[in-house]
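What follows is a set of notes on a single structure, which appears directly below.
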Amino acid sequence: MLNDPDRLTLQVALSQLQTTHGTDYGMLMMSALIAVVPLILVFVIGAKQFIAGITDGAVK
């Protein structure tokens, strides 16, 4: 399915960092961190607005 290396999903690209000769855990962890930080930022910003919307709608 994913033949083009430019179109790999993030999980597949991270799994390809492991080789038969070993795993560079430093690069693997840094890549995972770079992948997760934007998701955490979107969650923090969205959660604040989501909770604010729920509390505004709950007050009569």
_For Asp6, give me all partners under salt bridge (charged side-chain N to carboxylate O under 4.0 Å, His left out), at least two apart in sequence or on another chain._
none

Tabulate below the donor-acceptor pairs under 3.5 Å that side-chain atoms of residues 25-51 make, not counting sequence neighbours, or state none.
| residue | atom | partner | partner atom | Å |
| --- | --- | --- | --- | --- |
| Ser31 | OG | Met27 | O | 2.8 |

*Could you list all the salt bridge (charged side-chain N to carboxylate O under 4.0 Å, His left out) pairs where at least one residue sits in residues 7-21, not counting sequence neighbours?*
Asp4-Arg7

*For residues Val12 and Ser15, report the shortest heavy-atom separation together with the two atoms involved.*
O-OG, 2.8 Å

